[in-house]
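Whatever order the structure lists them in is the order used to number ligands and atoms, beginning at 1.
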Amino acid sequence: VLSYDLSIALLHEGMVSRDGSIVTTSLTMIDVHDIARSAVTYGVRTVYIVHPSPHLRSLARTLTSHWTSGYGSTYNPNRREALGGVSVVASIDEMLLDLADRSSGRSPRLMATSAKGGGDRIAFGKVFPLMNKEENPYVLMLGTGHGMSEALLARADYYIEPINGPTPYNHLSVRSACAIMLDRLYRSQISERPAG
Ligand code: SAM
C-alpha cells in the first residue's frame, strides 16, 4: 500500500535554452503519454501539464480527452486510465491552488530535479521518509529544454539529487528520468518497510 501523496509537474516556462537564455519550451506529446503511464504505475496522484500557452493547453486537452472520453477511450482503456490522471494548467500557482483544494488545505511541497550536480540536494532514499512523516502533498517538478532556471529551482522546498549512471553520459529525456526517479522513490519506500 502506498503511503505517499505525490504528483508530478511537467514544466515548460522558465526553462534554460541551449544558449543559456530563459525560454518557454514547446509541449511534447510523447512526454505526456509516457509520464502519465509511469505515473499510474507508481501510484502518482496527478500529472500536471503546466504550460502558459492557451493553444498548447488546448492541444494537451485534445490529446487527453481523445483517450479519456473520445474514440481512444474504448480503443485502449489502459491509456484512458493513464491519461485520466492528467490535469492541464497554466502555471505552478494554478497547480498549487488545485492541489491545496484537493488536499483539505495541506500545503503542497515542491521538489525540484535536474541532471546537473551542485546545490543543497536531498538523496532519493531520504525523500520517502520525509513524505511519509509530513503528510503534505508533494510535487516532483520536471523540467524541459536544458532544465529549470535558477529562479524556478529557488521556488522548490527540496532539490533532489541527480540520477547518475555508471558512465559520465548524462542526457536522459525527461520521460526516462521521470520513470527512473519514480522507481527510486518507490524502492526506498519498500526498503523502509519492516521485514515480515
Ligand atoms: N541539463 C538539464 C538539467 O538541468 O536537468 C537537462 C534537462 S532534461 C532534458 C529535462 C528534465 O529531465 C530535467 O529538468 C529533469 O527534470 C529531468 N532529468 C533529466 N536528466 C536527469 C537526471 N540525470 N537526474 C534528474 N533529473 C533529470
Legend entry - Side-chain touch S87/R102, heavy atoms, less than 4.5 angstrom: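 Yes, their side chains come closer than 4.5 Å.
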
Inset, instruction - Take atom NE2 of H55 as the centre, draw a 6.0 Å sphere, and report whether it contains more than 12 heavy atoms from other residues, nucleotides or ligands. - result: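 Counting neighbours around NE2 of H55, 12 or fewer heavy atoms of other residues, nucleotides or ligands fall under 6.0 Å, so no.
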
Legend entry - E81 atom CD: more than 12 heavy-atom contacts under 6.0 Å: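 No - once you tally the heavy atoms of other residues, nucleotides and ligands closer than 6.0 Å, there are 12 at most.
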
Legend entry - Sub-4.0 Å heavy-atom environment of ligand 1, residues by chain: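 Correct list: T113, S114, A115, K116, L142, G143, G145, H146, G147, P162, I163, N170, L172, V174, A177, M181.
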
Inset, instruction - Return the orientation label for the Y4 and F128 ring planes: parallel under 30°, perpendicular over 60°, tilted otherwise. - result: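 Ring orientation, 0 to 90° scale: perpendicular.
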
Legend entry - Minimum heavy-atom distance T68-R80, with the two atoms named: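 Looks like O-CD, 3.6 Å.
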
Inset, instruction - Using a strict cut-off of less than 4.0 Å between a Lys/Arg side-chain nitrogen and an Asp/Glu carboxylate oxygen, indicate whether R106 and D101 qualify as a salt bridge. - result: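 D101 and R106: not salt-bridged.
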
